[in-house]
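Taking it in order: structure first as structure tokens, then the write-up.
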Amino acid sequence: MKILFVSSEVVPFAKTGGLADVAGALPKALKNMGHDVRVVMPKYKAIDGKVFGLKTILDEIKVHFQLITNYTQIQGTTFPGTDIPVYFVKFDPYFNRQELYAEGGSDYPDNAQRFSLFCMSALWMLRGLDWRPDIIHCNDWQTALIPSYLKHHPDLKMDEFYNRIKVLYTIHNLAFQGQFDESMLKTIGLGWEVYSMDGMEFYRKINLMKAGIVFSDEITTVSETYAKEIQTFEYGCGLDGVLRHRSEHVTGIINGIDYNEWSPQVDSLIPAKYSPEQMAGKAECKKALQKKQNLPAREDVPLIGMISRMTDQKGFDLIVANAAELFKLDIQFVLLGAGDQQYQTIFEKIAKEYPQKVAVNIKKDNQMAHEIEAGADLYLMPSKYEPCGLNQLYSLKYGTVPIVRKTGGLADSITDATPESIGDGTGTGFVFEQYTPDALFKTINRALKVYEDKKVWKKIQLNGMSKDFSWDSSAKKYVALYRKMLGA
Ligand code: ADP
């Protein structure tokens with residue numbers, strides 16, 4: 001099969017969240033299964049053309065929307081260590097900026113134009129390459145105009161080259177929808193016929209997430225539970241009705257993770273390697289983490305780690321509500337994150353208040369993310385909602401026992417540790433249901449109590465380390481879905 005994978009962020013080129021990890025790993029798994037997969041993303045400022053060996057592939061792609069004509073360029077390279085082509089849409093006025101989507105807390109005001117240009121260029125690129133994919137796999141609102149263009153753009157919908165291509169649209173986070181003023185319609189090259197209740201209109205705005213849901217052949221999201229949740233009022237972010245309307249075409253496929261990057265047996269970013277058979281290295285990682293974070297290097301104290309975008313989604317308000325009680329306990333807490341100013345300020349204050357217990361790192365730092373996964377005893381992820389979540393999966397592999405709320409991908413990947421589940425090998429973490437400070441506090445205390453029993457704790461760690469969330473099985477599910485879409 002020929003598959004074009006379209007994403008606004010891809011590891012190792014550019015990343016703001018889990019989408020980039022998926023876009024960096026799933027294509028490789030598809031390639032390993034023998035498919036011709038290629039990836040396209042924007043060429044941002046932070047992507048160093050020299051480091052990645054970018055070359056010009058197509059010099060001028062004409063993108064003509066009603067009012068303006070722009071010429072974009074396609075550059076290309078391969079994923080490091082593979083022969084998988086990665087194409088970059090280069091248009092400096094739009095993409096040669098400091099960030100991907102927003103700066104200083106506000107979205108770039110021309111995001112609609114930026115990502116419509118990206119989508120259209122990606123489509124015209126195919127003809128330039130004379131490479132016609134069977135499937136275009138789109139991801140989140142930044143790519144959601146592709147199915148709209150294929151079905152409704154006057155130059156594309158009648159074109160033989162394009163009109164047999166099927167589109168899969170994957171939702172990585174329903175909360176980010178790409179909503180714009182209706183006056184933008186003409187600047188993204190579409191007419192009023194798409195701007196209706198069964199098109200991309202949403203409370204008198206253009207909603208690109210809705211366009212993706214409505215105009216794609218199939219829709220997936222990144223866990224089975226989230227696929228069900230988003231069809232309810234509580235989790236639907238206003239689009240639950242639209243999703244229910246298409247429910248026969250909505251499925252959940254859980255993300256895998258890349259064990260070449262995230263496994264303590266091979267991780268070159270951690271101070272000591274370890275494995276289920278040889279756990280001694282984990283204690284060394286803990287000691288090194290404590291030292292680097294300026295915390296007392298005590299082996300016996302439970303160390304809780306957290307690596308996260310600092311937003312309401314991730315449950316920071318529950319931690320704040322518990323702070324006074326929580327940090328009375330004999331624990332250590334290491335946080336790595338960046339995001340909302342209010343949370344950054346609160347957590348920096350907490351760190352000052354409890355210098356012996358709490359270390360807060362407000363930044364993005366991949367190396368430190370690995371050090372925390374390896375050095376912590378427990379991993380905290382009390383999300384309000386979580387489409388899939390990756391860090392709980394990394395944590396399992398590193399023997400770092402997750403404390404999670406039962407939602408989305410967390411519900412699908414972590415099984416609560418009870419005497420029974422610990423014994424039969426399924427218990428891998430500590431799970432709570434109600435989104436309340438009290439439920440979180442009780443569950444942390446429950447985990448700390450179990451932590452005191454070294455033998456039981458080790459069994460939970462080993463249960464988690466033996467779980468397999470590699471891409472192999474999820475990639476097979478995507479391929480089965482692609483085949484179904486092609487009527488094969
Ligand atoms: P989301 O996509 O909602 O942010 P995920 O759990 O799916 O959450 O993915 C988050 C990814 O980003 C993980 O790979 C995590 O390690 C990484 N990450 C988040 N914050 C930071 C940070 N401050 N520094 C380094 N990596 C981070």
Side-chain angles (χ1 to χ4, degrees), residues 7-26 46 99-102 139-142 170-176 221-223 225-226 230 235 237 252-263 267 269-270 289 292-293 305-316 334-340 343-344 347-348 359-376 379-398 400 402-405 407-414 429 469 471 474:
S7 176
S8 59
E9 49 185 278
V10 182
V11 164
F13 306 104
K15 166 168 170 173
T16 70
L19 165 62
D21 295 82
V22 174
L26 175 57
E99 297 294 332
L100 275 56
Y101 320 120
N139 297 278
D140 277 350
W141 69 264
Q142 294 89 342
T170 298
I171 300 168
H172 295 261
N173 191 334
L174 188 64
F176 302 108
T221 186
V222 288
S223 68
T225 295
Y226 193 61
I230 56 176
Y235 290 93
C237 303
I253 299 177
I254 193 151
N255 289 334
I257 58 173
D258 188 346
Y259 287 128
N260 294 318
E261 300 242 345
W262 294 97
S263 166
D267 193 336
L269 300 176
I270 59 175
L289 179 65
K292 187 161 173 180
Q293 299 286 335
M306 187 168 182
I307 304 152
S308 181
R309 286 186 297 117
M310 298 181 81
T311 67
D312 289 336
Q313 178 198 337
K314 302 292 182 177
F316 282 99
V334 175
L335 169 67
L336 168 63
D340 294 356
Y343 289 127
Q344 294 186 176
F347 277 89
E348 280 182 325
V360 170
N361 307 272
I362 304 290
K363 60 175 172 177
K364 284 186 182 164
D365 185 337
N366 185 48
Q367 160 100 29
M368 189 179 286
H370 284 254
E371 290 164 1
I372 294 173
E373 284 293 358
Y379 188 88
L380 190 57
M381 208 156 166
S383 306
K384 189 174 279 173
Y385 70 92
E386 195 59 75
C388 174
L390 295 173
N391 281 106
Q392 86 280 13
L393 303 177
Y394 303 152
S395 297
L396 290 179
K397 203 61 187 169
Y398 284 79
T400 303
I403 298 174
V404 304
R405 180 161 171 266
T407 181
L410 300 174
D412 292 351
S413 58
I414 306 299
F469 285 97
W471 267 105
S474 297

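All ligand and atom numbering here is 1-based and tracks the order in the structure. Just so it is clear, the structure is predicted and the values come from calculations on it, not from any experiment. Side chains are part of it too, since the values below use all heavy atoms of this structure and drop only hydrogens, waters and symmetry mates.
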Using a 4.0 Å heavy-atom cut-off, say whether [X] meets ligand 1 through its side chain, its backbone, both or neither.
X: Thr16; answer: neither
X: Lys314; answer: side chain
X: Leu390; answer: both
X: Pro387; answer: neither
X: His172; answer: neither

Between Tyr379 (side chain only) and Ile307 (backbone N and O only), is there a donor and an acceptor less than 3.5 Å apart? yes
- Message: Looking only at side-chain N and O atoms, does Glu371 offer a donor or acceptor that is under 3.5 Å from a partner on Gln367?
- Response: yes
(request) State whether a side-chain donor-acceptor pair under 3.5 Å links Ser395 with Glu373. (result) yes
For [atom], find the nearest protein heavy atom and state the residue, atom name and distance (0.1 Å precision).
atom: atom 23 (N) of ligand 1; result: Lys363 O, 2.8 Å
atom: atom 13 (C) of ligand 1; result: Asn391 OD1, 3.4 Å
atom: atom 21 (C) of ligand 1; result: Ile307 CG2, 3.7 Å
atom: atom 4 (O) of ligand 1; result: Arg309 NE, 2.7 Å
atom: atom 25 (C) of ligand 1; result: Asp365 N, 3.4 Å

Phe347 and Phe316 aromatic ring geometry - parallel, tilted or perpendicular at 30°/60° bounds
perpendicular
What I want to know is whether Asn173 and ligand 1 share at least one N or O pair that is separated by under 3.5 angstrom.
no
- Has ligand 1 got any nitrogen or oxygen that is less than 3.5 angstrom from a nitrogen or oxygen of Asn366? no
In this structure, OG1 of Thr225 is separated from OH of Tyr235 (nearest 0.5 Å) by 9.5 Å
- prompt: Does some side-chain heavy atom of Asn139 sit less than 4.5 Å from a side-chain heavy atom of Ser8?
  reply: no
